[in-house]
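In what follows, a structure is listed as structure tokens, so that the remarks can point back to it.
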Protein chains: 2
Amino acid sequence: MNRRASITDLAKALGLSASTISRALADHHDVSEATKARVRQLAKELHYQPNPLAAGLRRGRSNTLGVIVPHITGYFFPEVIHGIASEASEAGFNVMICQSNEDAQQERQIIELLMGAQVAGILLSLSDTTTDFEHFEAVRQQGVPLVFFDRVVQGFKGTNVTSVTLNDYLGAYQVVEHLIAQGCRRIAHFTGPLHVNIHKNRHQGYLDALAAHGLTPDPRLTAFCELSQQGGAAAMRGLMRLSATRRPDGVFSSNDLAAVGGMQVAKKLGFRVPEDVAIAGFSNEVFTQLTEPALTTVDQRCEQMGRTAVQQLQKMLPSPGHTPATPRGIVLKPKLVVRDSSQR
Amino acid sequence: MNRRASITDLAKALGLSASTISRALADHHDVSEATKARVRQLAKELHYQPNPLAAGLRRGRSNTLGVIVPHITGYFFPEVIHGIASEASEAGFNVMICQSNEDAQQERQIIELLMGAQVAGILLSLSDTTTDFEHFEAVRQQGVPLVFFDRVVQGFKGTNVTSVTLNDYLGAYQVVEHLIAQGCRRIAHFTGPLHVNIHKNRHQGYLDALAAHGLTPDPRLTAFCELSQQGGAAAMRGLMRLSATRRPDGVFSSNDLAAVGGMQVAKKLGFRVPEDVAIAGFSNEVFTQLTEPALTTVDQRCEQMGRTAVQQLQKMLPSPGHTPATPRGIVLKPKLVVRDSSQR
DNA sequence: GTGAAAGCGCTAACAA
DNA sequence: TTGTTAGCGCTTTCAC
């Protein structure tokens with residue numbers, strides 16, 4: 001069980017210096033093609049594998065990307081991570097996944113951990129209990145590229161900071177426009193607390209789409225509820241008990257789960273979906289294809305978001321023949337997914 | 001922007017040698033308590049952070065765990081990864097997540113990558129196109145702990161190799177027993193190809209449970225189908241068209257998706273679930289709570305599997321005051337989750 | 001209980 | 001085009 005081959009070994013074997021080997025392997029332009037060929041040849045023979053730990057130590061920077069998400073469960077984050085991991089691997093990065101468990105304290109610790117491990121960059125979706133942003137200072141100041149995705153810190157700028165988000169406003173606008181096109185005139189909206197960005201934006205998209213088509217938003221049709229199956233069910237129960245003229249003929253829920261809860265209640269109360277009430281959700285979760293009828297929703301381009309985040313990160317990284325730049329925040333276009341729950 | 005504090009810095013500041021600092025920080029027994037206190041004190045003041053790259057280089061081993069999964073999508077793998085990441089983080093490991101994309105070739109490359117990065121251990125769920133196991137030889141021979149989870153290589157043994165799996169047989173047995181207890185007498189089974197382990201085991205559990213309760217398995221009630229929504233739908237259509245005496249009054253599907261497909265068809269054909277036909281799936285996917293009626297299924301203990309895998313790995317790792325051992329393969333007990341689709 | 005010395009494998013500035 | 005030198009930060013003998 002002999003030691004794995006090192007650059008020094010190659011150097012000795014070929015009667016060259018370690019630096020030349022190093023340069024040859026890195027395909028440096030000022031090494032003769034002949035030498036490169038010899039080096040590569042031997043490297044292959046000896047199954048030479050670079051030691052990233054040593055390279056990282058020397059360079060003061062590893063080739064690992066740190067990823068911080070609130071959690072690795074549910075639909076959204078795994079999909080985004082899938083995108084991140086795929087793109088990163090294609091670009092030659094490793095990925096370290098960390099969960100903040102929606103806890104600002106843990107988020108802080110993970111940042112320290114990643115900075116300690118000298119990651120090449122950090123991809124981060126904010127914990128929802130994070131209220132101060134002190135811990136990002138170190139990242140910014142040390143020039144480690146930082147990309148916020150989905151949950152961003154508004155107004156946290158820097159030459160090495162950017163973001164990738166979804167245009168929630170547009171997504172909401174499109175769903176509501178679609179519902180109007182299907183003949184809905186009294187469209188309700190299930191929403192979470194409006195101080196949360198995504199809900200604020202989706203709500204605004206809802207309002208603006210109505211207005212743009214000459215419909216006056218009725219505040220009684222905006223249901224603030226917990227966006228769970230139960231929450232959606234309760235909200236729907238309240239709405240469908242209204243008199244026929246005040247009852248909604250369409251519902252746009254700020255997430256899929258509440259939409260399903262609502263749909264189940266509507267059916268139970270004897271209303272037909274979509275004929276009596278058309279329903280749409282938001283996120284394109286897996287189960288939206290399985291409901292009866294299948295749920296119209298908005299696709300969040302999760303994988304795309306992950307890939308884009310890595311691409312943005314790379315732009316901020318110095319590399320041969322490319323000076324780091326600060327890309328502007330990217331806002332992804334959502335995609336309306338029309339299914340039976342809204343088509344009539 | 002001054003350099004981060006190193007052990008050398010601490011040494012200078014305290015008039016001690018680097019070795020003493022290193023030992024103090026590692027809580028070595030032959031450093032005086034007084035010195036330790038002084039060192040820890042200063043370390044805190046200077047925000048000293050160990051450099052894992054340097055330590056790894058020196059030790060020839062990093063503190064990172066490599067994880068290889070076929071993909072990071074769907075329900076199962078993200079949940080397991082969640083468990084792995086949580087447990088690993090509590091034990092002070094970082095986790096590097098890699099996807100083989102169900103491709104043996106990529107799996108091989110990732111193994112090389114991880115070995116190159118000198119990971120402390122590897123957690124692996126086999127790609128379904130992997131047929132030769134040559135690439136695990138290097139891992140076994142270098143003594144890097146290897147834990148297979150869920151999808152294992154039968155008969156690949158070694159002092160540094162173990163596995164964590166689910167008792168599929170038992171899960172199937174329990175569901176079928178439950179269906180029998182609910183009064184089902186003609187129970188059908190949706191299965192995938194029997195050369196795949198999980199299906200073989202679930203099928204056997206199904207057969208044995210029937211036999212144990214005096215029911216003779218009818219081969220015509222075993223439906224080989226694609227385990228998708230469409231596959232389940234097609235299978236159910238075939239079965240429910242049989243004459244009343246040959247028609248099943250219960251269905252156990254080898255996965256949840258096909259169970260849902262089947263349930264939708266049964267309802268469409270005018271059968272009541274669970275009264276006319278009780279239905280159960282396998283995996284406890286999220287959407288099983290959302291169907292109407294909610295689907296009875298078997299929980300696979302995903303997170304537990306991840307946590308257990310990390311624990312098993314740790315047992316094979318040398319550490320102060322503990323000699324590495326080879327744990328036996330762990331087989332987790334599944335958990336029957338009874339919901340409305342089977343309760344009558 | 002502490003220190004001195006050596007070196008893990010690599011890279012980059014500088015020299016030739 | 002190639003070599004020399006030095007050192008990244010840490011751990012671990014071995015010596016005192």
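Source: prediction; values computed, not measured. Just so it is clear: chains get the letters A, B, ... in the order the sequence lines come, proteins before strands, and each one is counted from 1.
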Partner residues of B:H71 under the ring-ring contact (aromatic ring centres under 6.0 Å, His included) criterion, sequence neighbours left out: B:F77
B:I122 CD1 to B:L65 CG distance, which is reported to the nearest 0.5 Å: 9.0 Å
Distance-only donor-acceptor check, side chains B:S19 and B:S17, under 3.5 Å: yes
Separation of A:L53 CG from B:R58 CZ (nearest 0.5 Å): 13.5 Å
Atom-to-atom span, CG of A:D30 to C1' of C:dA16 - whole angstrom: 14 Å
A:D150 and A:V80, any side-chain heavy atoms less than 4.5 Å apart: no
Sequence-aligned protein contact record of nucleotides 8-16 of chain D, with B where the base is within under 4.0 Å of a protein heavy atom and S where only the sugar-phosphate is: BBBBBB---
Atom pair distance, as rounded to whole Å: CG in A:L46 and P in C:dG9: 14 Å
Overall bend - the helix from C:dG1-D:dC16 to C:dA16-D:dT1, comparing terminal axes fitted on five pairs, nearest 10 degrees: 30°
A:E79/A:R301 salt bridge by N-O under 4.0 Å criterion: no
Interface with DNA chain D, restricted to residues 108-118 of chain A and to heavy atoms under 4.0 Å: none
Interatomic distance, A:N63 CG vs C:dC10 P [rounded to whole Å]: 13 Å
Rounded distance in Å - CZ (A:R61) to P (C:dG9): 23 Å
Gap between atom NE2 of B:H82 and atom CD1 of A:I97 - 0.5 Å precision: 13.5 Å
Length of the CG-P vector between A:D27 and C:dT11, whole Å: 14 Å
Pairing residues for B:F156 by the ring-ring contact (aromatic ring centres under 6.0 Å, His included) criterion, not counting sequence neighbours: B:F136
Distance, rounded to the nearest Å, where B:H29 contributes NE2 and C:dT2 contributes P: 13 Å
Lys/Arg-Asp/Glu bridge criterion (N-O < 4.0 Å) met for B:E33, B:R38: no
B:E90 and B:R307 ion-paired at < 4.0 Å: yes
Spacing between A:I21 atom CD1 and D:dT1 atom P, to the nearest angstrom: 16 Å
Integer-rounded Å distance: C:dA4 P and B:L16 CG: 10 Å
Any pair counted as salt bridge (charged side-chain N to carboxylate O under 4.0 Å, His left out), so long as it reaches residues 140-149 of chain B, sequence neighbours left out: B:E137-B:R140
